[in-house]
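In what follows, a single structure is set out as structure tokens and then discussed.
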Amino acid sequence: MRNGLKEWVDGHVTITVRGKRFERLLNMAIREGIRIWNIRRAGEELTRCDILIRDYFRLRPLLRETGCRSHVEDRGGLPFWLVRLRRRAGLAIGASLFFLGLYMLSSFVWTVQVSGTRHMDPQKVLQAAEQIGIKEGAWKVKLKEPLVMQKELMSLLPEATWVGVEIQGTRVRLQVVEKDAPVKPLPTSPRHLVAKKRAVISTILPEVGKSQVKVNQLVEKGQVLISGIIGNETRQQVVSARGKVRGEVWYVSESSLPLTQTMQRLTGESQERQYLLIGPYAVQVWPLNKQPFARSENTESRFLPSYAGYTLPIGWKTVHTSETEPVQRQLSEQEAAELAKRFAREDILRMAGKDAVISDEKVLHVTTENGKVYLSIHFSVIEDIAVEQPIVGVPQPPAGTGKP
Amino acid sequence: MKRWSRLLRQLAGGVLELPQDVVLEVPRITMIGHLQMYIENHRGVLHFSEKELRLLLTNGQMIVSGEQLVIRAILPEEVLLEGRIGGVKFLETGPQGS
């Protein structure tokens, strides 16, 4: 029924009407389509009401007709606001200039941030960005779409796999993802690959160099497997031999194991102790007395509040102590032998180096003496047998005609 | 003649189940507690003071009495009245009244 916004925009006045025939005036005004609201009696023959400025002038002939008189009491709405504002022009201009300035200043780039550089110089990224217009003080309107700028930056920075351009208000963020350069093998001097153990070759894969042995050939320790000297008699060259040679190596392992094994078993008795950590010190908080366990196992957990790489010097430690007791276990000869074999296997593999495989094993003999099992086992292990040997005393490539 | 049309209207109201205010040209009044009153279908203001609002109807008058009455808005056929409304009274001065 009423439109508050329209009233405010058009401007309204509060008037008092003095006259006997106010009701008649009201009816006539309504019929004319004049909007009147907030009508209230202020006394005998005196009524106060609100009316639009526009309608106020239309009301005047009706006032004359009904013999009423009006008096404006209060003014409200936008037109009166503007009048008041004109009186304080300085303030209005200042406020609008402030917003204009704020808007204009926010349409420039004020900071350029580079992140993600590891080997590259951030300055280089900034220079590349400047070439396509991203620099401090640049007008944001002149900048192209971030995706387009990304492509241009990427073509300017061949070292980067990807460059992200992100405009956040007056800040431009350049996220650089560098290419991971392939790890270059270290330049090696001319060398042979020789056997480090007496073995039977099972596979030989020369990458650089000339293979000197065949599969299933027995090689002695120090024998050249892949030669670093290539070419024929007349044209020779010295290279750094590279390749993979695996051979079968025989080992005889002696192992012994007592039949009685002592193990630690939990008794079920346990205690939990709380500590307050202050710097390097731990202060026992609860319980005050320590449980006297003859043998025990401790597990502890620490709680140190940390945020963004900073750790508080104060923390909490909980130690859980469980009592243990030794238990004797009698193994049968069979079990002991199995266990001893397992230990021997682990031992051999540790000795043979990584990616060694046991291809065959044979128990040579088992004896039980003085409560111990003695085993001797024969293992054939396939392992890497190549080892580098530098070639010395040979003229270097340009001459190229030496004899090893 | 007028009696016939009245009868016809009442009949239509009954048969077609039209709302009474549409058919009979009587005011429709909506009240929110005793604080606000919305009157439709009036025919003009006869008297208005802090204690009383007298409205002209198609046949008769309507008197709203109360305290601190204020006409919040008024249109040719609608009035929104606020204040502490005490009572509503109808004076029939229709064709059969006088």
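Sequence lines set the chain letters: A, B, ... in the order given, protein chains first and strands last, and positions in each chain run from 1. What you see below is based on every heavy atom in this structure, not just the backbone, and it leaves out hydrogens, waters and symmetry mates.
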Would you say [X] has more than 12 foreign heavy atoms packed within less than 6.0 Å of its [atom1]?
X	atom1	result
A/R88	CZ	no
A/E44	CD	no
B/Q68	CD	no
A/R40	CZ	yes
A/K151	NZ	no
A/W139	CH2	no
A/W81	CH2	no
A/K140	NZ	yes

*Which members of residues 25-34 of chain B, sorted by number, sit under 4.5 angstrom from chain A on a heavy-atom basis?*
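Residues in range: none.
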*Any donor-acceptor pair under 3.5 Å linking the side chain of A/R41 with the backbone of B/F48?*
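At least one qualifying donor-acceptor pair exists.
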*Between A/N38, A/T47, A/I36, which shows the greatest number of heavy-atom pairs under 4.5 Å with chain B?*
A/N38
*Non-hydrogen atoms of chain A under 4.5 Å away: do they reach the side chain of B/L81, the backbone, both or neither?*
neither
_Gap between atom CD1 of A/I39 and atom CD1 of B/I74 - 0.5 Å precision_ =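 Rounded to the nearest 0.5 Å, the CD1-CD1 separation comes to 5.0 Å.
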*Determine the minimum heavy-atom distance between A/E23 and B/L46, stating which atoms define it.*
CG-O, 3.4 Å
*Is it the backbone or the side chain of A/N27 that comes under 4.5 Å from a heavy atom of chain B, or both, or neither?*
side chain
*Output the option from B/E50, B/R43, B/H47 having the highest count of non-hydrogen pairs under 4.5 Å with chain A.*
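Ranked by contacts with chain A, first place is B/H47.
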